[in-house]
**Q** 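Before I ask anything, let me first share the structure, which is written out below as structure tokens.
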Amino acid sequence: MLPSARPLLAAAAVLCFWLLVAVAEAKVHYYEWDISYQLKSPDCFEKLAVTVNGEAPGPTIRATLGDTIVVAVHNKLETENTAIHWHGIRQIGTPWADGVAGVTQCPILPGETFTYKFVVDRPGTYLYHAHYGMQRVAGLNGMIVVTVPDGFVEPFSYDEEHTVLLGDWWHKSVYEQATGLSSNPFVFVTEPQSLLINGRGMFNCSLAPSGTCNASLPDCALPTLFTAVPGKTYLLRIGSLTSLSSLYFEIEGHPMMVVEADGHYVRPFAARGLFIYSGETYSVLVKADQDPRRNYWATSHVVGRNPSQTPSGKAFVSYAFNGNNPWMPPPTAPPAGPAWNNTAIRVEQSRAIFAHPRFVEPMPARADRTLLLLNTQNRIDGHIKWTINGVSLMFPATPYLVAMKRGMKDAYEQRPPPDMYDHMSHDISAPAPTNGTVGSPVYRLALGSVVDVVLQNSNMLNNKSETHPWHLHGHDFWVLGHGEGKFNPAADAWRLLNVRDPIMKNTVPLHPDGWTAVRFRADNPGVWLFHCHVEAHVFMGMGVVFEEGVERVGRLPSSIMGCGRSKGLH
């Protein structure tokens, strides 16, 4: 046997094992969620937040591979629709449960109940969040932990595990932010006022209007990330649901060993801290091997944007040791984090992530179709929009899944979007030369085909280039590579891609002034969104829609209908 074939056979054996587990008897987990606005002070400043059963973040969903999750969502927002996306769950056989208003379902109206039901088909760390308008900014989010079945041995060991949910937070309402983005003149959302760690932050109340901020509230105490017992090893499941910020997370004096990304085991690598982008999840191992007579900072820092208006997020790790005060803040200054504008070290981490040798999922040798997708910022009818290959995505009134399954061809744009842009002549260092269009076209993919997507970054209207974390619904993709400058398919760029042991993910960063290439198999019948996970950017049109095998989708639940052309079918 060739040595190079062994990882592939090992991966095949693992997949067969998981398949056997999935068809075996599994549990069903039921949840009843009231979605409502509540006054909250996550960073000491009181404002309305969208909550799950009165809490923000919402509860962590825990299940085992093959289990079924049932969530009855009661919309008690009074004047606002909602929908919830189960981020990283592929929804095989249940595309209507993906939770994207305008793509897979009509929004849940005030006073109505919608029940999501789906199977968790892969172990790992995942997320959930609102997917209606910019509602995610207001706090409807949480984590999903899917464990391996009994008897399966993971490629690492630990004593205990904890979840770490990272976020950013504004004092402006979602309505104010969305109105500014849609206005002429354009008003950006500005930088967040706080960074949150497990839903907690600390705003400087001296900067807030009188009566709106109270640093003496119990929620404003410096939060404990977890309590460590000397000598033990901890698995931290870290997820980012920031609406704008790219982050660097670290624990003072405690290096991390990265072991999993987006539900896939990685070749372990050590890091002082972790660069993490909105929509990503990682699992890291941390050894409690420092002086147990004190506590240690856990911090998150904005990178990729000037952080001068956003203080670092802070928590601490408390050591359980006689003589140590578990509530005493660390005696040192919090770590400062890396330089916010050092793109090279962020690209270096992206290039350091490979599939674990025992869990390499075989990748098709070549693609059937290649999409070169250029993001540009454009002025369209006086409004600033993001476009992909000149098209700014606008969701239709009738969800794509409903319209395409029921043959409502007039419910969305029939002209296909362009597969390519003019990569020979386009200058990515200059703002877009054309205005672009707003539309609702769909990329129709042959079921079972292999698709390469090259995401190409370019300068905005202000002549700067930003980070864009891209998330694909309904699939995982192989990350082929990251590059600087402009990807040229006619040159030797393809030779730079990793086809031996690429990691699979569902979210990947597109770095400033560069490109990112991914490959996926279009084997999940349905209609799926692929978009930038920065909330303001997708609101402004930075996304595309893929359809594959919609004729193979089973009978659609009537509960996803009731809007647009599907009125009367609810």
**Q** Does Phe114 have its ring centroid less than 6.0 Å away from the ring centroid of Tyr116?
**A** yes
**Q** Could you check whether any side-chain N or O of Ser392 sits under 3.5 Å from a backbone N or O of Met540, counting only pairs where one atom can act as donor and the other as acceptor?
**A** yes
**Q** Are the side chain of Ser173 and the backbone N or O of Glu176 linked by a donor-acceptor pair below 3.5 Å?
**A** yes
**Q** Taking the side chain as everything from C-beta on, heavy atoms only, tell me whether Phe477 gets closer than 4.5 Å to Val479.
**A** yes
**Q** How long is the straight-line distance from CD of Gln91 back to OG1 of Thr104, given to the nearest 0.5 Å?
**A** 8.5 Å
**Q** Between Glu535 and Ser243, is any side-chain donor less than 3.5 angstrom from a side-chain acceptor?
**A** no
**Q** List the residues meeting ring-ring contact (aromatic ring centres under 6.0 Å, His included) with Phe156, not counting sequence neighbours, and say none if there are none.
**A** Tyr265
**Q** Determine whether a donor-acceptor pair (N or O, by modelled atom type, separation under 3.5 Å) exists between the side chain of Lys314 and the backbone of Pro223.
**A** no
**Q** Do NZ/NE/NH1/NH2 and the carboxylate oxygens of Arg351 and Glu484 come within less than 4.0 Å?
**A** yes
**Q** Sub-3.5 Å donor-acceptor pair from the side chain of Arg379 to the main-chain atoms of Lys385, do we have one?
**A** no
**Q** Has Lys40 got its NZ or CZ under 6.0 Å from the middle of the six-membered ring of Trp169, at an angle within 45 degrees of the ring axis?
**A** no
**Q** Under 6.0 Å between ring centres: does that hold for Phe203 and His171?
**A** yes
**Q** Salt-bridge test for Arg90 and Asp121: reply yes if a basic N is under 4.0 Å from a carboxylate O, no otherwise.
**A** yes
**Q** Quick one: side chains of residues 208-215, donor-acceptor pairs under 3.5 Å with protein atoms, not counting sequence neighbours, listed by atom name and distance.
**A**
from	atom 1	to	atom 2	distance (Å)
Thr212	OG1	Pro209	O	2.6
Asn214	OD1	Ser216	N	3.0
Asn214	OD1	Ser216	OG	2.5

**Q** Taking Thr51 for its side chain and Ser36 for its backbone only, find out whether a donor-acceptor pair lies under 3.5 Å.
**A** yes
**Q** Roughly how far apart are Leu274 CG and Tyr282 OH, rounded to 0.5 Å?
**A** 6.0 Å
**Q** Could you walk me through whether Leu393 and Val544 pass side chain to side chain contact (heavy atoms under 4.5 Å, CB included), step by step?
**A** CA-CA 7 Å; Leu393 181 65; Val544 298; 5.8 Å; no
**Q** Examine the side chains of Asn459 and Ser429 and answer whether a donor and an acceptor come within less than 3.5 Å of each other.
**A** no
**Q** Should Arg122 and Asp476 count as an ion pair when the cut-off is N to O under 4.0 Å?
**A** yes
**Q** Please find the pair of heavy atoms, one from His87 and one from Gly279, that lie closest to each other, and give the distance.
**A** NE2-O, 2.8 Å
**Q** So, do Trp528 and His475 sit near enough that their side-chain heavy atoms are less than 4.5 Å apart?
**A** yes
**Q** By side-chain contact (heavy atoms from CB on, under 4.5 Å), which residues pair with Ser41, not counting sequence neighbours?
**A** Glu46, Leu217
**Q** Is the shortest side-chain heavy-atom distance between Val508 and Val518 below 4.5 Å?
**A** yes
**Q** Does a donor on one side chain sit under 3.5 Å from an acceptor on the other, for Arg346 and Ser246?
**A** no
**Q** Side chain of His85, backbone of Asp98: donor and acceptor closer than 3.5 Å?
**A** yes
**Q** Answer yes or no: is there a side-chain heavy-atom contact under 4.5 Å between Ile503 and Trp478?
**A** no
**Q** Begin from the C-alpha positions of Ser283 and Arg237 and carry the test side chain to side chain contact (heavy atoms under 4.5 Å, CB included) through to its verdict.
**A** CA-CA 4 Å; Ser283 290; Arg237 297 180 180 270; 3.8 Å; yes
**Q** Taking side-chain hydrogen bond (donor to acceptor under 3.5 Å, both in side chains) as the test, write out the residues that go with Asp34, two or more places apart.
**A** Lys76
**Q** Who are the ring-ring contact (aromatic ring centres under 6.0 Å, His included) partners of Tyr234, not counting sequence neighbours?
**A** His162, Phe226
**Q** Hey, is the main chain of Tyr126 close enough, under 3.5 Å, to the side chain of Asp262 for a donor-acceptor pair?
**A** no
**Q** Donor-acceptor check, side chain of Ser440 to backbone of Pro396, threshold 3.5 angstrom: yes or no?
**A** no
**Q** State, yes or no, whether a side-chain contact exists between Leu181 and Phe188 at a heavy-atom distance under 4.5 Å.
**A** yes
**Q** What distance separates Glu348 CD from Ile353 CD1, expressed to the nearest 0.5 Å?
**A** 11.5 Å
**Q** Against Ile238, only a single residue in Leu166, Leu165, Thr281 fulfils side chain to side chain contact (heavy atoms under 4.5 Å, CB included); can you say which?
**A** Leu166
**Q** With ring centroids as reference points, do His468 and His511 lie under 6.0 angstrom apart?
**A** no
**Q** Say whether Asn457 and Asn375, considering side chains only, have a donor N or O and an acceptor N or O under 3.5 Å apart.
**A** yes
**Q** For Gly139 versus Ala56, what's the shortest heavy-atom pair and its separation?
**A** O-CB, 3.9 Å
**Q** Taking the side chain as C-beta and beyond, is there a heavy-atom pair between Ser458 and Ser465 under 4.5 Å?
**A** no
**Q** Could you give the distance from CG (Leu235) to OH (Tyr158), rounded to the nearest 0.5 Å?
**A** 5.0 Å
**Q** Please confirm whether the backbone N or O of Pro192 pairs with a side-chain atom of Thr310, one donor and one acceptor, at under 3.5 Å?
**A** yes
**Q** Given His74 and Ile35, is the side chain to side chain contact (heavy atoms under 4.5 Å, CB included) satisfied, shown in steps?
**A** CA-CA 6 Å; His74 310 294; Ile35 308 302; over 6 Å; no
**Q** Centroid-to-centroid, His131 to His473, below 6.0 Å?
**A** yes
**Q** State which residues pass ring-ring contact (aromatic ring centres under 6.0 Å, His included) with Tyr296; sequence neighbours excluded, sorted by chain then number.
**A** His254, Tyr319
**Q** Is any side-chain heavy atom of Phe249 closer than 4.5 Å to a side-chain heavy atom of His301?
**A** no
**Q** CZ of Arg272 to OH of Tyr248: how many Å apart, nearest 0.5 Å?
**A** 4.0 Å
**Q** Using the side chain to side chain contact (heavy atoms under 4.5 Å, CB included) rule, pick out the option among Thr516, Leu510, Thr507 that qualifies with Pro469.
**A** Thr507
**Q** For a quick check under 3.5 Å, do Thr82 and Asn75 share a side-chain donor-acceptor pair by atom type?
**A** no
**Q** Is the backbone N or O of Pro512 less than 3.5 Å from a side-chain atom of Thr343, with the two atoms forming a donor-acceptor pair by type?
**A** no
**Q** Measure the shortest side-chain to side-chain distance between Ser300 and Ile197 over non-hydrogen atoms and say whether it is less than 4.5 angstrom.
**A** yes
**Q** Verify whether one side chain among Thr387 and Thr376 offers a donor that lies under 3.5 Å from an acceptor in the other.
**A** yes
**Q** Less than 3.5 Å apart, any donor N or O on the side chain of Glu252 or Thr332 sitting next to an acceptor on the other?
**A** yes
**Q** Please check if the distance between the ring centroids of Phe530 and Phe520 is under 6.0 Å.
**A** no
**Q** With a sphere of 6.0 Å drawn around CG of Asp381, does it hold more than 12 non-hydrogen atoms of other residues, nucleotides or ligands?
**A** no
**Q** Tell me whether the centres of the aromatic rings in Trp86 and Tyr128 are closer together than 6.0 Å.
**A** yes
**Q** Decide, based on the SG atoms alone, whether Cys44 and Cys205 are under 2.5 Å apart.
**A** no
**Q** CD of Gln135 to CD of Glu80: how many Å apart, nearest 0.5 Å?
**A** 4.5 Å
